[in-house]
Amino acid sequence: MVVSLLLALPAAAGLWLVTAGRATPPRLARPLAAASALGTAVLAVLVLVTGSQVDRAWLPELGLRWSFAADGISAPLLLLTAGIGLVVTAHAWVELPPGGSPAGYLGCLLLVETGALATFTARDAVLFLVAFEVVLVPMWVLVGRYGDRRDPRARADAAGRFVLYTAAGSSTLLVGILLLVVSTGTADLRELADGAGAALGPGRQLAVALLLVLGLAVKVPVLPLHTWLPPAHTTAPTAGSVLLAAVLLKMGTYGLVRLPLATVPDGFGRLAPVLAVAGAVGVVWGGLVCLVERDLKRLVAYSSVAHMGFVVLALASGSETGVQAALLANVAHGLVAALLFVLVGGLKQRWGSVDLAVRRPALRETSPRLGLALVVGLAASLGLPGLATFWGELLALYSAWAPAGDRPRGVFVAAAVLAAVGAALAAAYALRVAGLVWAGDRPAADAGTGTDAVGVERWVLVTLAGAVVVLGVAPMLVLSSTADAVAGLGGLR
Amino acid sequence: MSPWLLVAVPALASLVGVVVRREDRWAGAVAVLAGGLTLLLAGIAWVLEPGSTAGHVLDLPVGGLDLPLATATDPARLAVATVVALVALAVQAYSTWYLGADDRYGQFAATVSLFTAAMLLVVVSADLVLTLVGWEVMGWCSYLLIGHWSRRPEARRAALKAFLVTRVADIGFVLGVVGFVAGAGTSGLSGVVGAWREPTGCLQEQLAAGAPLPEALGACDAPDGRARTVLLVLLVVGVLGKSAQVPFQDWLPDAMEGPTPASALIHAATMVAAGTVVLAGLHPLLADSPTARWVLGVAVSVSMLLAAVLAFAQSDLKRMLAWSTVSQVGVMLSAVAAAPPADGPDAGLLHLWSHALFKSLLFLALGWAAVAAGGTAAVRMRGSASATPVLRAALLVGFLSLAGVPLVVGGVSKEHVLAAAYDGAVAGDGPGVLVLVALVLTSAATAAYATRGYLLLTAHRRDRPRAGTVTPAAPAVLWALTGASVLGGLVVLTGSFALHQVSLLWLVLTVLVVGVGVALALVGGLDRDPAEVLARRLVPYADRGLGVDGLYRRVVARPVLRLARVVAYVDTEVVDGYVRGTALATRAAGWLGSRLHRGERSSTAVGLVVGGALLLGAVGVLGWS
Amino acid sequence: MIHLLGPYLLAAVLVGLGVAGVAVRRNAVLLLVGVELVLSGGLVLLVTTQAAGADRWAAGSVLPLFVVTVAAAEVVVALAVVLAAFRARGSIDLDAPATAQDAP
Amino acid sequence: MSTVVSVDLLVLAPALAPVLGVVLLLVGDALAPGRAGGRWALPVAACVLVGGAVAAVRAALVAAEDPARTLCLPAPGDACLWSAGPRASALQAGVLLAAAAALALVHEAAALRRDTAVTATLLLAATTGGVAVAAARDLGGWLVALELATVPVVALVALRGTRPATHGALGLLVTSLASFALLVLGAGLWLTATGEPTFSSAAAAGAWEDPQRRAVLALAVALLVAGLGFKLSLVPFHAWTPQVYPRADLGTTAFLAGASKLSATAALLVLVSALAGVVDGPGPALVLGLPAALSLLLGTVLALRQEDPARLLAWSTVAQAGWVLLPLTALSEDGLRAAAAYVLTYATATLVAFAAVSRAGARSLEQTRGLLRRDPLAGGALALALLVLAGLPPGVVGLVVKILAVSAPVAAGVWPMVAVAVVAVVLGIAVYLRWLVVLPGPRREGDARAGGEPPRGWASATVLVVGTALLAVASVLPHLLLTAVG
């Protein structure tokens, strides 16, 4: 019951805002959206507390059930999504992108949140896919209509690329899911996970795993399927980027855990070396591009590619530690990316562009609060202990070094070494940004002071930075939530 | 009392410090009080309850891996913790004067607190992952501290360089930690040491049997001898980076762009010395692995001697101290590298203890003198300390200690290091002989540049140099550290460090070597700069650190950036090419299709129908039969 | 049943002729003629089948009646359309331009 | 041995209702020619269509267990010429409602023309054929009904009288004639191969067993598919579609795109249901898969280039016809159901799109810019319809039927078709989003229609409201749709 409400509340508010309430003035739409997001967050907590679930037939012809529930694996992501939903709706007080009605914008944010929540709670493979698709259109609208005003062509290109690329992924995913469902005769994710693919022959397992991994890899994104991400991030409005990085990408990794890893472990195991190498190369690749990227927003996007590389590497290892690491790194990256995108969005709003080639006075001098938040974000980005990303990425390295028994250890150790090199690159690009933006390369004397973060923006930053620190100091908040559920995944060894 | 308290107090202080960073007085009060409290706690712990190990304060459920996050409080660690706390307190108190007028003092104090917490974490940690946490946090703090005056491009560059060089070396450290933990299944130090102490020869056998390396790796997941050697070398590489040993030495002199108290902290008691603590913890493994010992021994031998010579020829006195740090850290590590298993690493830790005292003393004294003189160049600082008794006393004790004159703290520890190296040389399977020779030569060179430093700073000047305006904090700190440097050697009597008896022979030898060094420095008489006399041609090279910076750029930075450009190009033009290619192909197909349908002729339509039917019929008949 | 070869061949020839006519003719009426040839081929086939072995409802004989009726109705409509086309553009060439502007 | 054929009028009601309408109209027109411009004809036609739809729905509900059969012949064989299971009944209801929607669009443009009664008569006649073919089980009934569904439409197109319209009609005519010839030929071959004048599994199975007859069966099926391919606008039998859609009036086009496709699919289902479960292997799949794949690819790729909404919808029809055929390549019961569900969804969405285009009076995509603000009903309905066609939530029903359509070949292991489907999904999204993106655009200065002109026409509004409501309900409860198609 509560879980139905959890989905219905943002869906109803979002739909109303994009349809009937499209003309609602911002003064009413903002509180409404924020209230819905707050209500959703409360409901998310309630769902976790009460263990609410709903399970009824929806499409019996397809064996498809209307089945939503949260378990340990989805709990952190559920909270993350609800929290980010609050953040983005609150951020509307800071920035309301032009391009369409404000209410429509807020509605799209809520709809994306709905889709993500549904994805994280879906207990049925086909329903998972349907939920997976829900985010596409609102996100497309966010990028395509409310995105960067300067270049309409680039905007259309980025939006189209996002939606088509991810649709290609989800179509592949659909085929994989259908093959899995027809092979096993059930679409229930729990049953599928319990069966762990025992009903499938090795060839079928491999085919299913390949399709599932390919489809989800687009969303994660895994190198070389990542090229939709940078344009989408660069173009999307701040809140859109935050949702994209903090929530949408997580749907991909979550899917990897729920689908191939849990349901066809043997097939996944055969793909794992490729995935591990792709992840590790992604870490290095993203890091290298960040070293020379000029647009700060694009840079953060590529750093996302690098961070998700760690997550993929950990998942590929197939050990319990690896999955734990991946889930932790997943949430951590969500927080860090949200923090960085809010910051960069703020900077873009102030400066007009975030071209790193433009010499600017030190942020730590002109806007100390933004500067502090930036330093926290960058430090987290380079994996500083005490901040969120460290644990996940260290454990990812560990799990790659000691992968599950059936994995080719040589490949995984090589991937771990590569990823460790990538971590050093992360330091290089993070400090490059710190040097150019935070410390500044223009004397402050001729700049005057910029406007610092005040009001909502300040609190958004404080919240996100605080969450980054808290998760860094207390990673067990996530780990203990996921531990039992991960241990229950049949395919792990 | 939990050793976590030692870490928590400065960590909390840094958190509070960030919150109140705008109010200098509050920030200073928080920092100094927390520093004092930490010192008190460390002292109490040292005196009252050494020898406990605690684990599992945090329960991290991460599958099969055991993460006890254990701490250990054996006497040697607590002694080191105490001296760290002492130096940190000194630096905090000193900073209230030195950076009193700085607009970012609050941040500085908070960062120093965090730095202290991180170092104390490394010291009390009995868990490799915890060690890594402290290790990395120190690196980050060093970036903030060195780049404190970020308005100056040199400071920004130095900070960047310091962090990047150490971080690159840390690739080795991280992999080493991960590898050891993975082999043992636990991150607890005792567990790791226990598991890796008796390694198998699996890899060796597999490789000998002709299996390729990846397969052999897959076959051997138990702790293995070869793997242990590789992992130890990786760890050693990380330590060399953080400790600014060859080939990573060049970041440290540049780091002198940071405020002097920060330099004192980084050099004396924390970051660069942390490697000694880490390797001391792993000494049972290290001592068993000649290859790793040799790597470490060669690197530190080269480092200590090279750095001592370069220190002698520096035209900037602060950079002279920096190079002396490189050299002295080399001395500490050499004890770990050379000491045979029976001796243990405590000679290195003892030198860490003494180096912390006298190096912080020297830095803080030099900082005061430099403020008075308005710069740190040798020419400008000449005689700048001559008029201030406290400075003269501090410098005298500090340089005596640095030179290793017996009975002051530096002398005591250096004798133990020499003794350990001698034991190693006698035992014969490690780099003992090399280290011993390097140590003797380094001692002489050290004495020479220490003499030079003292002579220059206290030289007589016609015009009476200004003493500078100081708050009482600065002289108090200097007096305290001077006293500690004189009496610090008594620590050997507490038995905190597991040391062997040192024979009188070493005392005599030390005096001799130091004497040679001092004599060397005095060849040109008391009034002339010995560097001018002995090594005038070397000075320009020494100032540039032998041009290693250019080497870093050419060998690492530029190729990486070039690779990055290639990757960025490939990313947008090749990897994305297939995406654009798809779009292009679709458009082309659409164009082609609409060309075909342009005529919209009915006869074509009918022709298509007939042709399609024939095709389909053919397909059907052929396909079905 | 060798004696049925003739009718089958006749049907094939009719269909072939018709298809050829449809394929090459651009005049609407001649095209109609081609279509009728194909149709008659189909009718011959039906009837032959009936002769070869009767089905339950003698459909081979009944169906041609339906088909002929429908074809007649079709031709009525077809001629009406052809007439309309001729009125509208003065030609019953199938490939005459669709609009006056397109005309050369 | 009685020779009396049993007749159950109630079962036949869906087909009889439009026949009744035709009679009424003809009589009425004969009694009072040209009265009130013949506008009275439309409400009458609409009434009989809705009545027929009600009858079809009733039949669907009654037939849930057992197909409603009538026109049963006495022994031997004891076969019924009319057999409407729930799926056929649902398709019949769809045909009738789609015809009613087309009628509404005709009404919208009726002020321009005088011969409304004729139009309505032709429309009803075609509808009768479309309804009858869904339930026909014998070759004769099937052929006649199919042609009854086609020939009046040719006349409808030509009726507009303009030069482009006659050009389009000519194209339609010759293609339809050619395909009729193919159908007859195919029917003859079917009879030759199976010796049965009915589409029954038993007949097909008999022919499948014998290698010689199997080849004839293959040829028969290929020709029948080719003949139906014309009606479904499958490549390469599609060329008339982009010629006719933009040139006929919107009502006729809507009929072609909606009712006509439904009846063609119904006819195809009759054929394939005889094969399903009997034949298997790559050959039979290829006969259906080849046109399906070509339609999917060519239709989408060309739809991507169109600027005229009618042309875009024409090519989209081609692509969607490929989608309808896709699940049939599995030659399974699930595939039949998926095709029926797909075509119903497609027809609803397309009719909504045509109604919106008719309301907006748009001749280019650019003219629909800002439609969401200008006319929220048309804009919103169009947006939902496009999303359904693209298969993206919130048009969940579009996604569900796509999932169904893909799941059948996946289950049967027809991998090439699955690969084509994946490509087609992505390209299809590009097609519809390209249109969708202009809908919420800003008000255009200088656009005469943009000035807040009040929305017109209750008829198209009804189509929009009913269509959108159907799509919305099916999106929330797709189960209803699937129950309807069995």
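In this text the structure is predicted, and so the values were computed from the model without any measurement. Residue numbers begin at 1 in each chain, while the letters A, B, ... track the order of the sequences.
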Main-chain N/O of D:Pro440 paired to A:Arg145 side chain as donor or acceptor, under 3.5 Å: yes

If I measure from the heavy atoms of chain D, does A:Leu136 come under 4.5 Å with its side chain, its backbone, both, or neither? side chain

May I ask you to decide if D:Val437's main-chain N or O and A:Trp140's side chain share a donor-acceptor pair within less than 3.5 Å? no

Taking all heavy atoms of D:Pro478 and all of A:Leu59, pick out the closest pair and write down the distance. C-CD1, 3.5 Å

Heavy atoms, side chains only, cut-off 4.5 Å: are A:Ile177 and D:Ile403 in contact? no

Ignoring hydrogens, what is the shortest heavy-atom contact between A:Trp58 and D:Leu477? Give both atom names and the distance. NE1-CA, 4.5 Å

Less than 4.5 Å to any heavy atom of chain D: does that hold for the side chain of A:Val163, its backbone, both, or neither? side chain

Compare every heavy atom of A:Val175 with every heavy atom of D:Trp415, then report the nearest pair and how far apart it is. CZ3-CG1, 3.9 Å

Looking at chain A, which one of D:Arg434, D:His479, D:Arg337, D:Lys402 has the largest number of heavy-atom pairs inside 4.5 Å, strictly under? D:His479

Name each donor-acceptor pair under 3.5 Å that joins a side chain in residues 424-431 of chain D to protein atoms two or more places apart or in another chain, with its distance.
none

Ranking D:Pro393, D:Gly380, D:Ser407 by heavy-atom pairs under 4.5 Å to chain A gives rank one to D:Pro393

Heavy-atom proximity to chain A below 4.5 Å, by part of D:Val485: neither

Give the member of A:Thr172, A:Leu178, A:Val134, A:Leu174 that has the highest number of heavy-atom pairs under 4.5 Å with chain D. A:Leu178

Under 4.5 Å from any heavy atom of chain A - which part of D:Val396: side chain

